[in-house]
Protein chains: 2
Amino acid sequence: MADVISPAKLAPNPLFLRDEELRQGIELLFYAYRDFTGEPDAILAKLGLGRAHHRAIYFVGRHAGITVSELLAILKITKQSLSRVLSQLVLEGYIHQRPGKRDRRQRLLELTEKGKELERQLTRTQRERIARAYREAGAEAVAGYRKVLLGLIDETERRKILARLDSAGKGAA
Amino acid sequence: MADVISPAKLAPNPLFLRDEELRQGIELLFYAYRDFTGEPDAILAKLGLGRAHHRAIYFVGRHAGITVSELLAILKITKQSLSRVLSQLVLEGYIHQRPGKRDRRQRLLELTEKGKELERQLTRTQRERIARAYREAGAEAVAGYRKVLLGLIDETERRKILARLDSAGKGAA
DNA sequence: AAATTACGTCAGCCATGTTGACATATTCCG
DNA sequence: CGGAATATGTCAACATGGCTGACGTAATTT
């Protein structure tokens, strides 16, 4: 204000632009996630289930035969929290447990037919949403979306996740 | 299996590829959001605050003079839920309320100096995370990231959000 | 003057996260 | 073989942050 010629008016302040750009990146992520997770809740509510159940069902479906500790590592919650969700899903016949062959302490998890049916139903709306966004944005944009999201993930996790994305659906030990 | 020549081996099944691609899009969003939101919690916990306070502080900081109902529309929670958070933030001196000039029923919200300080502290780690991801991915990828995320948002919301992103930081009535 | 709007508040419920302590079965290792 | 480590489960208590429903007040609109 006191300056005769404000430097900010001569050249657009790069720090300001940067901050603005970054905040938009934050907010887009917030809004997208907000709307993305909103949809399946109605289906779940009717069954007396919540988002936590959706996440468990999704990843068990994605990695048939996953162990409890692997699932914990993906969800990053405590075993007590997972246990509540998981035991309910087993009780109600969505998920089946069997002891590991190599290591009989493990409980390998997989969806029952009922579980698979629910998984399909829950994921359908989200798949459609992503599909539409991909289609409208184009292949190049999709590559950018993937690249940036991957960069947002904790560095120590990135390798693991890339491996998981690749090996998914092939079943585990 | 029973087919003499499996069609899936001649041409890669486009439905399968599509499903795989879409699921990766879902999972990347999950992992990125998981790690993105994780960081500021430690700071908040020391102050006896939670994620809900962070969101309120963030958007009040971003839209100085925002009304309660506008904030509700952004967060998509009930007024009762917001009230709990907001009244605590006012009580502890992070947010200041003043009546609207045109409409004195409104309570226009803005951060106090204390609130601004906390906002900066909280947003710093997230800004840095986005900045790093942007830098590593490149400008073209950033454009794609924005395009796809925008496409994931509810269509009825998109216009509003674009307007918000543009007008942010210029203050409201 | 009546209806609507913006906001707030009280009360209670539910889902889902947390910590801490402890139990059991199995596997690994010296 | 026997003890340590591992995979999993369980009980109890608590915090956060959503939700619904009901009701109240001040200001604005009609």
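Letters A, B, ... are given to chains in the order of the sequence lines, protein chains preceding strands, and every chain is numbered from 1. Just so we're clear, the structure is a prediction, and the values are computed from it rather than from any experiment.
Per the geometry, CD1 belonging to A:I95 stands 14 Å off P belonging to D:dT8, to the nearest Å. We find that CZ of A:R105 is positioned 8 Å from P of D:dT8, with the value rounded to whole Å. Atom CG of A:D103 is separated from atom P of C:dC29 by 12 Å (rounded to the nearest Å). Rounding to whole angstrom units, CD of residue B:E70 and C1' of C:dT5 are separated by 14 Å. Between the NZ atom of A:K101 and the P atom of C:dT27 there is a distance of 14 Å, given to the nearest Å. Rounded to whole Å, the distance from CZ on B:R98 to P on C:dC7 is 13 Å. As rounded to whole Å, 13 Å separates atom C1' of C:dG8 from atom CG of B:L109. One can place CD of A:Q106 at 14 Å from C1' of C:dC28, the figure rounded to the nearest angstrom.
Between A:R55 and B:T67, the residue anchored nearer the 5' end of DNA chain C, judged by the nucleotide with its closest heavy atom, is B:T67.
Using a 4.0 Å cut-off between charged nitrogen and carboxylate oxygen, B:E20 and A:R62 count as a salt-bridge pair. One finds a salt bridge joining A:E110 and A:R98 here, because a Lys/Arg side-chain nitrogen approaches an Asp/Glu carboxylate oxygen to under 4.0 Å.
Side-chain proximity of B:R104 to the nucleotides C:dC7, D:dA27, D:dA7 is greatest for D:dA27. Considering only side-chain atoms of B:I77, the nucleotide from C:dC7, D:dG18, D:dG17 that sits closest is D:dG18.
The two residues B:A73 and A:R34 make their nearest non-hydrogen contact at O-NH1, 3.7 Å.
By the 30° and 60° cut-offs, the orientation of the rings of B:Y58 relative to B:H54 is perpendicular.
Contacts with DNA chain C (heavy atom under 4.0 Å) in residues 29-49 of chain B: none are found. Across residues 78-87 of chain A, A:K79, A:Q80, A:S83 each have a non-hydrogen atom less than 4.0 Å from an atom of DNA chain D (numbered order).
Defined by atom type and a distance below 3.5 Å, a donor-acceptor pair is present between the side-chain atoms of A:H53 and A:Q88.
Residue pairs that meet the ring pair (Phe, Tyr, Trp, His ring centres under 6.0 Å) test with at least one member in residues 142-164 of chain A, sequence neighbours left out, are A:Y134-A:Y145.
When each of A:R120, A:E119, A:Q121, A:Q126 is paired with A:T123, the side-chain hydrogen bond (donor to acceptor under 3.5 Å, both in side chains) condition holds for A:E119 and for no other.
B:T67 places no side-chain N or O within 3.5 Å of a backbone atom of B:L108 that could act as its donor or acceptor partner. For the pair A:R158 (side chain) and A:L150 (backbone), a donor-acceptor distance under 3.5 Å is present.
Note on B:H53: every side-chain N or O is 4.0 Å or more away from OP1 and OP2 of D:dT16. Taking side-chain N and O atoms only, B:Q97 has no distance below 4.0 Å to OP1 or OP2 of C:dC7.
Residue-level contact check: B:Q88 touches neither bases nor backbone, having no heavy atom under 4.0 Å from any strand.
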